[in-house]
Amino acid sequence: MEGKSPDLESIGSGTTTKRSSVSSGSRSRTRRDFLSRFTDSSHFTEKLEDWFALTLENSATSNGPVFDVPFELVELQKFDYALEGISFQQLTRMPSPVYASTSNALEAKSYLAIEDFLHATVKSLWEAFWSQDEPVPFSVGCLYNQNLKFYQAERALALGKLEGLSATGILLKNPRHPHGKWDHILELALLRPDIGSFAQDSDRLPSLPVLGEALFYALRILIARSVSRLDFSQSSNCVFILLVDSQYGGVVKVEGDVNKLDFDLNNVYECAADWIKKHSKIAVSPVDRIWNKLGNANWGDIGALQVVFATYHSIMQYFGAPRHSIEDLAADHSSRLHSRRQERQLGDTSLNENGMFRFQHSTMSPEIVEVHEESTKIEPEPSMKLEVGSVLWLEESNYQKGYQINEILTNGTLPYHIASPVDDPGKSVFLYVGSPPSQLEPAWEDMNLWYQVQRQTKILSIMKQRGLSSKYLPQLHASGRIIHPGQCQKPSSGGRCDHPWCGTPILVTTPVGETVADLVNEGRFGPEEAIRCCHDCLSALSSSSSAGIRHGDIRPENVVYVTSGVRHPYFVLIGWGHAVLEDRDRPAMNLHFSSTYALQEGKLCAASDAESLIYMLYFCSGDFPELDSVEGALQWRETSWSKRLIQQKLGDVSTVLKAFSDYVDSLCGTPYPLDYDIWLRRLKRNLSEDHGKEIETSG
């Protein structure tokens, strides 16, 4: 890598190292003295007890997560696609509890296995993303707690240091410091025997002793970097700590500016704990399996994937962006998948609407078995068949609710259902069924189902917590896990048994109506419906934007027309799975309905949802061009707006829609907020004057 050398402290090389910008030598000495006194993780953890208890209490009160996750599932999916063409080393030293005679033997094997795992990880990542020609500039060693130095696992065990080992680290190679330096640490892995116990419940956090130790080491690394001569300018304020045992693992991400730490040498642990409470941002991943029971690393599973992804980010902190990006390597996913399915003749290899391949899922054993290919018949898992008349039961907060399926619908790509509660047969609800956890692979091939159920459940729950009340927004009627046929043998309330349906997520919403797509197909979406649709959707967007939520996926399938049991029909904006809450969220990409800014930047601006609403009304009025690429879609938008084709078309429907499209055109791509109130009043007045019906504004 240009500007980086494995000999990180070569004298006279101005391009290999860079002095930290410290105000004075005394400031550096103070931080080094602070670091030399900051050595007891248990003392530090004691200072965090009240903070940890309060954090748990606040989370329980708000019914939200205690900490954010370091990586979104969509990020891991793309990273998984990028790793498909990368081979990871077959490990010979494995942490198998099956063959370990004593706990000490298992611990020793685990340290050797973790060292091999991390070495294989950094070697494969370096060669795939950064350079195949240059030597791997990393070493892996075990941290001996008494002197805080690093040793090779074999040497540490030979010297009888097993009981004093506390972590395994990835370090930058430096022959002048064979035992490592703290500012050379890219990532640390803490081996703790009880990590697997936190994997039974996805919402369960590591205990304070475990988490406190991770925060202790993370802060030590950040302080060491702040006085280092190395260049961590890519992300000097962020560090990843891995939590592992002989089978499971998770990731803790700690972020924060250590310049805000009060380096009081007489109050070291109080100052450190205060920084964690006030100036740090902590993210904790779910704990998942890395090694199977025989000790083989499951490189493709989510447990190993999130650990490898953390290592990727740790490398990038020092060496910068890789030569080959994740997007570059992931781009070949579809062709690789197609080739594999043709070779093995697995299922249907045709493309679906999202450019992904449909396929028939089969259950494969994670163990290595010998098979005779010519006589092997792959049997798929029993799929969940829901027919009209079927009754589905779900468990929500220890309550059981039953729903009878009345109708099976599709939103163009995914099925959903109209159902009635067993205890209220006259009521209708929308019922969405997620992907069974045992069928993880199909959910990775098409994330739409995850967005439709799990993510939409999260968004609707947040709306409910924030007190959003509008009849133009969907209401969360129920959410939970399916109660499958037969007796459930799950180990705990948050676990799963061996039944393929166990743990399948369910979402139930109200109200129920026909989609705008159905109205258009049947010729029932006239000028009155268009104006009312614009008003009602805009009212929904006004309510959601007041809570910082943007829709991100407005299209005819995501707007329903409610007529049953109401005096005046109205529209409801549904399909909130792709909603944007923060900068890292990404909206859905649709060549016809996505805003210009979304197609260009992959993000939403203040007027993006209104722009998508305009496109929906435009296309529903009859003009639906062929768009087969992002470039073509952007070109169509530029031409249509510049020639005022959109305004003219909507002007044929209503003058108020033409005026609204002109207003949206003036805001496209700008940070200026939409004035919802004035346009809701104009649309309401237009309906009242022209059609004699009073309608409600957002509540």
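Position 1 is the first residue of the sequence; numbering continues from there. A quick note: this is a predicted structure, and the numbers were derived from the prediction, not measured.
- Shortest non-hydrogen contact noted between N411 and L414 is OD1-N, 2.8 Å.
- Side-chain N/O atoms of T515 and D518 include a donor and acceptor closer than 3.5 Å.
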Salt bridge (Lys or Arg N to Asp or Glu O under 4.0 Å), that's the test. Do E514 and R524 meet it? Break it down for me.
CA-CA 11 Å; E514 296 178 271; R524 294 189 287 124; 2.5 Å; yes
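- Heavy atoms only, all atoms of each residue included: S543 and L468 are closest at O-CD2, 3.4 Å.
- Under the 30°/60° scheme for interplanar angles, the aromatic rings of H477 and Y403 are found to stand perpendicular.
- Side chains of D675 and Y663 form a contact here, defined as non-hydrogen atoms less than 4.5 Å apart.
- Here the straight-line distance linking atom OG1 of T457 with atom OH of Y432 works out to 10.0 Å at 0.5 Å rounding.
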Criterion ring pair (Phe, Tyr, Trp, His ring centres under 6.0 Å) on F129 and H324, from CA distance to verdict
CA-CA 5 Å; F129 288 96; H324 307 289; 8.1 Å; no
I would like to know whether L657 and C534 meet side-chain contact (heavy atoms from CB on, under 4.5 Å); could you show each step before the answer?
CA-CA 8 Å; L657 292 184; C534 185; 3.8 Å; yes
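- A donor-acceptor pair under 3.5 Å links the side-chain atoms of S544 to the main chain of I549, judged by distance alone.
- Shown here for A606 and R550, the closest heavy-atom pair between the two residues is CA-NH2, 3.9 Å.
- Judged by distance alone, the side chain of Q456 and the main-chain N or O of W576 form a donor-acceptor pair under 3.5 Å.
- Looking only at side-chain heavy atoms (C-beta outward), R681 and D677 come within less than 4.5 Å of each other.
- The backbone N or O of A598 lies less than 3.5 Å from no partner atom in the side chain of S594, so there is not a single donor-acceptor pair.
- Aromatic ring orientation, H313 versus F71: parallel (interplanar angle below 30°, classes split at 30° and 60°).
- With hydrogens and angles disregarded, a donor-acceptor distance shorter than 3.5 Å links the side chain of S545 to the backbone of L541.
- Taking both residues in full, the closest heavy atoms of F571 and V516 are given as CE2-CG2, 3.8 Å, listed atom of the first, atom of the second, then distance.
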Where do I482 and V433 land on the side-chain contact (heavy atoms from CB on, under 4.5 Å) test, with the steps shown first?
CA-CA 9 Å; I482 193 171; V433 181; 5.5 Å; no
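- Of the possible polar contacts, none joining the R584 side chain to the L581 backbone as a donor-acceptor pair under 3.5 Å is found.
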Working for ring pair (Phe, Tyr, Trp, His ring centres under 6.0 Å), residues W641 and Y618:
CA-CA 12 Å; W641 285 114; Y618 174 84; 8.8 Å; no
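- Side-chain N or O atoms of E407 include none that pairs as donor or acceptor with a backbone N or O of A419 at under 3.5 Å.
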Could you go through the ring pair (Phe, Tyr, Trp, His ring centres under 6.0 Å) check for F525 and Y561 one step at a time?
CA-CA 10 Å; F525 192 75; Y561 191 43; 8.4 Å; no
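- Panel note: side chain Q306, backbone P286; a donor-acceptor pair is recorded below 3.5 Å.
- Put simply, CG on L83 and CZ on F309 are 9.0 Å apart, with the number rounded to the nearest 0.5 Å.
- Within the 4.5 Å cutoff, the side chain of V653 has no heavy atoms near those of the L617 side chain.
- Of the inter-residue distances, the one linking R555 atom CZ with C620 atom SG reads 12.0 Å to the nearest 0.5 angstrom.
- Residue R532 forms a side-chain contact (heavy atoms from CB on, under 4.5 Å) with just one option from L683, N686, L687, and that option is L687.
- E611 and T596 share a side-chain donor-acceptor pair at under 3.5 Å.
- Counting all heavy atoms, side chain and backbone alike, N406 lies closest to S420 at ND2-OG, 2.6 Å.
- Counting only heavy atoms from C-beta outward, the side chains of K649 and I646 never approach each other to under 4.5 Å.
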Run the ring pair (Phe, Tyr, Trp, His ring centres under 6.0 Å) test on W130 and F319 for me, step by step, so that the C-alpha distance in whole Å, both residues' side-chain angles and the decisive distance to 0.1 Å come before the verdict.
CA-CA 9 Å; W130 277 270; F319 286 96; 7.2 Å; no
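- Side-chain atoms of S285 come within 3.5 Å of backbone N or O of V251 as a donor-acceptor pair.
- The backbone N or O of V388 lies less than 3.5 Å from no partner atom in the side chain of H417, so there is not a single donor-acceptor pair.
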Kindly indicate, with the supporting measurements, whether the criterion salt bridge (Lys or Arg N to Asp or Glu O under 4.0 Å) is fulfilled by R644 and D662.
CA-CA 9 Å; R644 297 181 54 78; D662 265 326; 2.7 Å; yes
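- Y597 does not carry K603 over the face of its six-membered ring by the limits of under 6.0 Å from the centre and within 45° of the normal.
- The distance from atom CZ of R323 to atom OG of S131, rounded to the nearest 0.5 Å, is 4.5 Å.
- Counting heavy atoms from C-beta on, the side chains of V562 and V512 never come closer than 4.5 Å.
- A cation-pi contact, defined as under 6.0 Å to the ring centre and within 45° of the axis, links R637 to Y615.
- Atoms CG and OG, from D665 and S642 in turn, are 9.5 Å apart once rounded to the nearest 0.5 Å.
- Panel note: side chain E522, backbone L519; no donor-acceptor pair is recorded below 3.5 Å.
- Here CG of N590 is found 11.0 Å from OG of S595. Values are rounded to the nearest 0.5 Å.
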Should T639 and Q635 be marked as a side-chain hydrogen bond (donor to acceptor under 3.5 Å, both in side chains) after you check the CA-CA gap, both sets of side-chain angles, and the distance that decides it?
CA-CA 6 Å; T639 302; Q635 182 62 47; 3.2 Å; yes
Output, in order, the C-alpha distance, side-chain angles, deciding distance and verdict of salt bridge (Lys or Arg N to Asp or Glu O under 4.0 Å) for D585 and R455.
CA-CA 11 Å; D585 294 335; R455 184 97 198 303; 3.4 Å; yes
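- Side chains of K471 and P511 form no contact here, defined as non-hydrogen atoms less than 4.5 Å apart.
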For E387 and I405: C-alpha separation, side-chain torsions, deciding distance, then whether side-chain contact (heavy atoms from CB on, under 4.5 Å) applies.
CA-CA 7 Å; E387 300 175 348; I405 306 299; over 6 Å; no
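- Residues F619 and P625 form a side-chain contact, since some pair of their non-hydrogen atoms from C-beta on lies under 4.5 Å apart.
- Here the shortest heavy-atom pairing between H592 and L627 reads CD2-CD1, 3.7 Å.
- Residues T509 and L460 form a side-chain contact, since some pair of their non-hydrogen atoms from C-beta on lies under 4.5 Å apart.
- The side-chain contact (heavy atoms from CB on, under 4.5 Å) test with L507 singles out one residue from L476, L394, L431, and that residue is L476.
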Determine, step by step, whether L125 and T311 satisfy the side-chain contact (heavy atoms from CB on, under 4.5 Å) criterion, reporting the C-alpha distance in whole Å, the side-chain angles of both residues, the deciding distance to 0.1 Å, and the verdict.
CA-CA 9 Å; L125 290 177; T311 306; 4.1 Å; yes
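- Ring geometry for F79 versus Y312: interplanar angle of 30 to 60°, hence tilted.
- Other residues, nucleotides and ligands contribute over 12 non-hydrogen atoms within 6.0 Å of the CD atom of E582.
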